[in-house]
2 protein chains.
Amino acid sequence: MALKVRKNRSPKPPGPCPLTECMAVIGGAWTANIIWNLSGGPRRFGELRIDIPAVSPKVLTTRLRELERKGVVNRKVKPTSPPSVEYSLTGLGAELIPAIEAIVAVGHKLKHRHDC
Amino acid sequence: MALKVRKNRSPKPPGPCPLTECMAVIGGAWTANIIWNLSGGPRRFGELRIDIPAVSPKVLTTRLRELERKGVVNRKVKPTSPPSVEYSLTGLGAELIPAIEAIVAVGHKLKHRHDC
DNA sequence: TTTTCCGGTTACCGCAAGGAAACCATATAG
DNA sequence: CTATATGGTTTCCTTGCGGTAACCGGAAAA
């Protein structure tokens, strides 16, 4: 009575899983929200804090630094006074938008179904 | 010297954020992988363990139960012997596929860029 | 009788992610 | 002189997520 594994599995590419890899980028707390809020154009630190009121400055800094290191967002310091810092999506960051949009779309459907 | 918040923010719907809501569904460890592996058709517990070797039975059970409760997957027990349990995506679960696919697509791009 | 297989369950544990609150440096406005 | 705005940093602490490992119950195969 051997285990018969059916072959209708979805395609499994070799090497590190692209799904896991992408989730590692957008999976952190508030990460997707941050990217989503940057999709409308550059935004300053304080503006992001207003856009996402629940995020603490510590976490916001952490996420922005991570995303910068991964090449998803760009950090530009403007030598005004007091200096203001503008964050924007890089080309790579822009490529994440369709995925985020798809997630948002599902979120709407979930709300619709849930609706209790 | 008042704070001038620019208005180029992305649209913010009232109420609970759809983005956060959807991420709560697909955000758990291995969750997206599980849904992805079910997108090719129904799959048994043991098959999923083979598809995703790194997932422990405990976590796999937890995730499947969560997804079942949220109406994303369907659990069907077949009274064979030993009994086999088949998991499949519900209609709601199927709606998640485009988002997952978008994430997978970005994962490929990430690998391409990274490529080290 | 013992083993194998399926689909789990249970107990235990470590650690890192994340929340809260306080603090900081600089420069201009009033 | 003091207040305010900006963009953080630092410290502390809790929670819970997820990993490991062992165990389980029924049935059939050997």
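Here is the naming used below: chain letters follow the sequence lines, and residue numbers restart at 1 for every chain.
- The shortest distance between the side-chain N/O atoms of Arg49(B) and the OP1/OP2 oxygens of dC5(C) is not below 4.0 Å.
- Residue pairs satisfying the salt bridge (Lys or Arg N to Asp or Glu O under 4.0 Å) criterion with at least one member in residues 25-38 of chain B, sequence neighbours excluded, are absent.
- Scanning for side chain to side chain contact (heavy atoms under 4.5 Å, CB included) contacts around Glu66(A) gives Thr62(A), Arg63(A), Arg69(A), Lys70(A), with sequence neighbours left out.
- Ala102(A) meets the side chain to side chain contact (heavy atoms under 4.5 Å, CB included) test with Ala99(B), Ala102(B); sequence neighbours excluded.
- Residue Trp30(B) places none of its side-chain N or O atoms closer than 4.0 Å to OP1 or OP2 of dC17(D).
- OP1 or OP2 of dG8(C) lies within a sub-4.0 Å distance of a side-chain N or O belonging to Arg65(B).
- When the side chain to side chain contact (heavy atoms under 4.5 Å, CB included) test is applied to Pro98(B), no partner is found at least two apart in sequence or on another chain.
- Scanning for salt bridge (Lys or Arg N to Asp or Glu O under 4.0 Å) contacts around Glu86(A) gives Lys78(A), Arg6(B), with sequence neighbours left out.
- An OP1 or OP2 oxygen of dG8(D) is reached within less than 4.0 angstrom by a side-chain nitrogen or oxygen of Arg75(A).
- Heavy-atom distances to DNA chain C give each of Pro57(B) and Val55(A) a nearest nucleotide, and the one nearer the 5′ end belongs to Pro57(B).
- Using a 4.0 Å heavy-atom criterion, one finds that Ser56(A) contacts no nucleic acid atom at all.
- Residue contacts shown for Thr61(B) include a base, since a base heavy atom lies under 4.0 Å away.
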Distances under 3.5 Å between nitrogen or oxygen atoms of protein and nucleotides 10-17 of chain C:
none

